[in-house]
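Presented below is the structure to which this report refers.
Every chain is numbered from 1 and lettered A, B, ... according to where its sequence line falls, protein lines coming before strand lines.
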2 protein chains.
Amino acid sequence: MKVLLVEDDQFHASYMEDVLVESLPEVTQIFHAVNGLEAEREARVMAIDAVVMDLRMSQRNGIEAAQTLWQERADTRILFWSNYADEAYLRGISAIVPEDSAYGYLLKTAPRDRLKLALRAVLVEGQIMVDREIHRLQRRTASPRNTLDDSEFAVLVDLGLGLQDRMIAERRGMSLRTVQNRLLSLYDKLGVEDATDGDTPINKRVRALNRALVTRTLNVETLETAERDFEQWQAGRA
Amino acid sequence: MKVLLVEDDQFHASYMEDVLVESLPEVTQIFHAVNGLEAEREARVMAIDAVVMDLRMSQRNGIEAAQTLWQERADTRILFWSNYADEAYLRGISAIVPEDSAYGYLLKTAPRDRLKLALRAVLVEGQIMVDREIHRLQRRTASPRNTLDDSEFAVLVDLGLGLQDRMIAERRGMSLRTVQNRLLSLYDKLGVEDATDGDTPINKRVRALNRALVTRTLNVETLETAERDFEQWQAGRA
DNA sequence: AGGTCTGTTGCGGGTTCCCGCAACAACTCT
DNA sequence: AGAGTTGTTGCGGGAACCCGCAACAGACCT
């Protein structure tokens, strides 16, 4: 069994390599890449179907690389291994994981045996495994029932790009007023409160983006890839 | 000489400890903290004046902790050691570094001898030292002469919090129109372009925040601490 | 002193945004 | 079937925003 390890931090990389050889005797070869582009090349050339993937990397981040890997080979098993419990990452991953594949999401702070367990569960057994820490974080925030549904999230991303209501409506195929309704519920769920009392009045749009970032509903990587998606969408209609 | 090492990643911490004992024989004791709060306590109790500080940590980030340390003891020497070449961090640091102190900013990707050099220069010799990588990144962006001056940056931060023009004007002691002029030049320098041709119209305010984040002029930590500063400012005037 | 440059401020108007109100469709429950 | 719930859409108005125009002050140069 060949494993591709995608990780730009040398300490984490050598630790992971260590754990890999210790816990998975099935592994015969370990390849190495330090960013998404290298990962895609390596996986293609070496016909890899088991990957341990860091998320935040220069050049091309883990989610984008994973998307390519899965396009070329839908049964690739990928364990994402990240420093951050951002809801944005998990959302990005579940949006692209193919039907018949396996993945896992583990925090780098996870203890060694949990890491071993996850490696076996995902890479060998082909299970889905998500660090409990992330689900926990996903639920806890201020206002009640604050989980965004997919269409709300889509509008949030477009808002974050700086698009105007009309353009969002066009892109997502809703009416202008519907977009604004989505924004309303976004403001609600993200805790964007207008100062009804003597408090500070705010710019809701910017505030929504601020809140989304601070609560880790959105992160900068997500914005960057969303930008590319948008440009692509825009190019494909002239 | 006592050194306080503030770092939440165990691998990086043990690596740094290693380099410390190898390169600085004057070091007699190394204390350890995993977040800003612990760092403040430890520094106070142990009377520390030399610190190696990670930036991104839970609880309380490195810049906030440094501010406290410098308030209590203005000659503390701090080497910031970070994964990120964000202009935002450097700006946050230079805003709080006292007259008669020394600091350094080094990336974690720096090779071992540069690290040794920085440790000696900052902690022992009391020099200022900034990784060249960061200055380089600071200059390269799209539009010409795009370095923000302090007042532009202040407005940018307030914008990022979601404040309205009127409130920014009040807080920064400018007229409303002046704030808007600052915004104008911000839009220019950040490359926020309205679609004069048949292109996509945008919401400039949100777009400005987006650009600032993507170019690493601003980061989420900055927004979080700015939020606290703002609340404090607001509380101090009833 | 005269001239230019840069930064601040007021005014006014066009645009976008926020959102209450109301009509309507689809779906659920009794 | 009737009543209530939820999501979509149009209309309209008040607030905030973007910004051109112009007046003015201070700094610097000749």
Side-chain angles (χ1 to χ4, degrees), chain A residues 143-212, chain B residues 143-212:
Chain A
S143 50
R145 83 160 68 71
N146 49 7
T147 16
L148 308 185
D149 63 38
D150 289 343
S151 92
E152 283 165 342
F153 190 76
V155 170
L156 172 60
V157 170
D158 285 355
L159 178 150
L161 294 181
L163 300 189
Q164 298 186 175
D165 295 1
R166 185 171 10 263
M167 181 59 60
I168 302 179
E170 194 173 331
R171 182 180 185 193
R172 303 296 177 185
M174 319 175 189
S175 88
L176 210 163
R177 194 62 183 82
T178 301
V179 171
Q180 295 176 334
N181 279 336
R182 290 285 140 75
L183 288 174
L184 268 245
S185 59
L186 272 179
Y187 296 156
D188 182 35
K189 292 186 180 177
L190 291 172
V192 175
E193 299 168 5
D194 202 4
T196 41
D197 45 6
D199 225 10
T200 317
I202 55 177
N203 180 309
K204 302 209 167 184
R205 233 151 216 268
V206 176
R207 187 65 181 167
L209 178 52
N210 181 311
R211 299 298 308 153
Chain B
S143 50
R145 83 161 67 70
N146 49 6
T147 15
L148 308 186
D149 63 38
D150 289 344
S151 92
E152 283 166 343
F153 190 76
V155 171
L156 172 60
V157 170
D158 285 354
L159 178 150
L161 295 181
L163 300 188
Q164 299 187 174
D165 295 2
R166 186 172 6 267
M167 180 59 59
I168 301 178
E170 195 173 332
R171 183 180 184 193
R172 303 296 178 186
M174 321 175 187
S175 88
L176 211 161
R177 194 60 183 83
T178 301
V179 171
Q180 294 176 334
N181 278 337
R182 290 286 140 73
L183 288 175
L184 268 247
S185 59
L186 273 179
Y187 296 156
D188 182 33
K189 292 186 181 177
L190 291 172
V192 175
E193 300 168 3
D194 202 3
T196 41
D197 45 6
D199 224 11
T200 317
I202 55 177
N203 180 310
K204 303 210 167 184
R205 234 152 216 268
V206 176
R207 188 64 182 166
L209 179 52
N210 180 313
R211 298 299 308 155

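Closest approach to the B/Ser175 side chain among D/dC17, C/dT9, D/dG10 is made by C/dT9 (side chain taken as heavy atoms from C-beta onward).
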Per-nucleotide protein contact along nucleotides 18-28 of chain D, 5' to 3', at a 4.0 Å heavy-atom cut-off (B base, S sugar-phosphate only, - neither), is BBBB-------
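The interatomic distance linking A/Ile168 (CD1) with C/dC18 (C1') rounds to 14 Å, in whole Å. Here the P atom of nucleotide C/dC17 and the CG atom of A/Asp158 are 13 Å apart, to the nearest Å. A/Leu186 places its CG atom 14 Å from the P atom of D/dG7, with the value rounded to the nearest Å. Between the CZ atom of A/Arg207 and the P atom of C/dC18 there is a distance of 15 Å, given to the nearest Å.
Side-chain contact between A/Met174 and A/Val155 is present, with at least one heavy-atom pair separated by less than 4.5 Å. With a 4.5 Å cut-off on side-chain heavy atoms, B/Arg172 and B/Val179 do not count as touching. With a 4.5 Å cut-off on side-chain heavy atoms, A/Leu183 and A/Ile168 do not count as touching.
Note that the CG atom of A/Asp158 and the CG atom of B/Asn203 stand 12.5 Å from one another [nearest 0.5 Å].
In terms of position along DNA chain C, the nucleotide closest to B/Met174 lies nearer the 5' end than the nucleotide closest to the other residue of the pair B/Met174 and A/Gln164. In terms of position along DNA chain C, the nucleotide closest to B/Gly173 lies nearer the 5' end than the nucleotide closest to the other residue of the pair B/Gly173 and A/Leu163.
Around the CG atom of A/Asp150, the shell of radius 6.0 Å holds no more than 12 heavy atoms that belong to other residues, nucleotides or ligands.
Residue A/Arg166 places none of its side-chain N or O atoms closer than 4.0 Å to OP1 or OP2 of C/dT15. At the phosphate of D/dT8, neither OP1 nor OP2 sits under 4.0 Å from any side-chain N or O atom of A/Thr178.
For the 3.5 Å distance criterion, the side chains of B/Arg182 and B/Ser151 qualify, holding a donor opposite an acceptor.
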